[in-house]
Undergrad: 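Would you mind keeping the following structure in view while I ask a few things?
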Amino acid sequence: MLCPVCTDVGLVPTRLENGLTGHGCGRCGGVLVSALDARQWAESQPAGSWAGSIEELAETSSALNCPKCAHFMSKFRIEAGVTNRLDFCAHCGEFWLDAGEWSLLGALELRAHLPSIFTQPWQLGIRQRESTAAREAELIKALGTADHARVKAFADWLATHPQAARIRRQLGVQAP
């Protein structure tokens, strides 16, 4: 198999973690990993925080061909606010990690969620979190930081108040 980024370098067996291997490129540092192997590895890992570091990240902007089956790989978002995308081949179930993306997944504590990242619910969740953040940013811009904090504090108080429905009716506000 040849590296999908370098196109002329052979992939060699590479160990990402104890119990998880892939096929890596010695030139660009990318690694091809089986989604099945990643799921089995993730399920065997204890919960805990990551203690590594993030190296400089590379990102392939163009579509890649899967080194295993030559089908196009689709790009999937990792998380809201993260520009890197993971490349996934739906045909053979392999994904490509550009150099540094394994460390990024560790720092974001998302390694245990592989390969859920490649699912529609995960991708929808990212869009929803970004939409919520954009609405918050617009509100801060319109109200200012201090007033936004007051509105947020009131909303948090109202959400747990036993008479929330009555207060909303009094204010003429429908329940969320």
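Computed from heavy atoms alone, side chains included, the values below leave out hydrogens, waters and symmetry copies.
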Undergrad: State whether the side chain of R85 and the backbone N or O of T83 hold a donor-acceptor pair below 3.5 Å, judged by distance alone.
TA: yes
Undergrad: So how far is it from S34 OG to F95 CZ, rounded to the nearest 0.5 Å?
TA: 8.0 Å
Undergrad: For the residue pair C6 and C28, what are the closest heavy atoms and their distance?
TA: SG-CB, 3.7 Å
Undergrad: Using the ring pair (Phe, Tyr, Trp, His ring centres under 6.0 Å) criterion, which residues pair with F154? Sequence neighbours excluded.
TA: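 In terms of ring pair (Phe, Tyr, Trp, His ring centres under 6.0 Å), with neighbours along the sequence ignored, F154 is linked to W157.
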Undergrad: For H148, what residues pass the side-chain hydrogen bond (donor to acceptor under 3.5 Å, both in side chains) criterion, not counting sequence neighbours?
TA: E136
Undergrad: Strictly by salt bridge (charged side-chain N to carboxylate O under 4.0 Å, His left out), give each pair with a member in residues 18-43 just once, sequence neighbours left out.
TA: D8-R27
Undergrad: For residues 142-166, pull every pair meeting salt bridge (charged side-chain N to carboxylate O under 4.0 Å, His left out), keeping only residues two or more places apart or in separate chains.
TA: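 Sorted result for residues 142-166: K152-D156.
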Undergrad: Output every pair passing ring pair (Phe, Tyr, Trp, His ring centres under 6.0 Å) with a member in residues 1-43, not counting sequence neighbours, ordered by first then second residue.
TA: W41-W102
Undergrad: V12: which residues meet the side chain to side chain contact (heavy atoms under 4.5 Å, CB included) condition with it, sequence neighbours left out?
TA: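 V12 satisfies side chain to side chain contact (heavy atoms under 4.5 Å, CB included) with T14 once adjacent residues are dropped.
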Undergrad: Answer whether the closest heavy-atom distance between the side chains of T7 and N65 falls below 4.5 Å.
TA: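 No, side chains not in contact.
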Undergrad: Could you work out, with side-chain hydrogen bond (donor to acceptor under 3.5 Å, both in side chains) as the rule, every residue matching Q40, not counting sequence neighbours?
TA: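 Once residues adjacent in sequence are excluded, Q40 has no partner under the side-chain hydrogen bond (donor to acceptor under 3.5 Å, both in side chains) criterion.
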Undergrad: Taking the side chain as C-beta and beyond, is there a heavy-atom pair between C25 and V9 under 4.5 Å?
TA: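 Side-chain contact under 4.5 Å: yes.
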Undergrad: Between atom CG of L158 and atom CG of L171, what is the distance when rounded to the nearest 0.5 Å?
TA: 7.5 Å
Undergrad: Within the supplied structure, the quantity of interest is the number of heavy atoms (other residues, nucleotides, ligands) at a distance under 6.0 Å from H161 NE2; does it exceed 12?
TA: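 Yes.
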Undergrad: Please give the remaining members of the hydrophobic cluster of L139, linking ILVMFWY side chains under 4.5 Å, ordered by chain and number.
TA: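 Besides L139, the hydrophobic cluster comprises L143, V151, listed by chain and residue number.
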Undergrad: Sequence neighbours left out, what passes side chain to side chain contact (heavy atoms under 4.5 Å, CB included) with P67? Give chain and number order.
TA: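 Residues passing side chain to side chain contact (heavy atoms under 4.5 Å, CB included) with P67: M1, P4, L11, L32, M73.
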Undergrad: Which residues satisfy the side chain to side chain contact (heavy atoms under 4.5 Å, CB included) test with A137, sequence neighbours excluded?
TA: none
Undergrad: With sequence neighbours excluded, what pairs up with S131 under the side chain to side chain contact (heavy atoms under 4.5 Å, CB included) test?
TA: R135
Undergrad: Please list every donor-acceptor pair under 3.5 Å in which a side-chain atom of residues 115-129 meets a protein atom from a residue at least two apart or in another chain.
TA:
unit_1	atom_1	unit_2	atom_2	d
S116	OG	H113	O	3.4
T119	OG1	S116	O	2.6
T119	OG1	W122	N	3.4
W122	NE1	I78	O	3.0
Q123	OE1	R77	N	3.2
Q123	NE2	R77	O	2.9
Q123	NE2	I117	O	2.7
R129	NE	E79	OE2	2.9
R129	NH1	G125	O	3.2
R129	NH2	E79	OE1	3.4
R129	NH2	E79	OE2	2.9

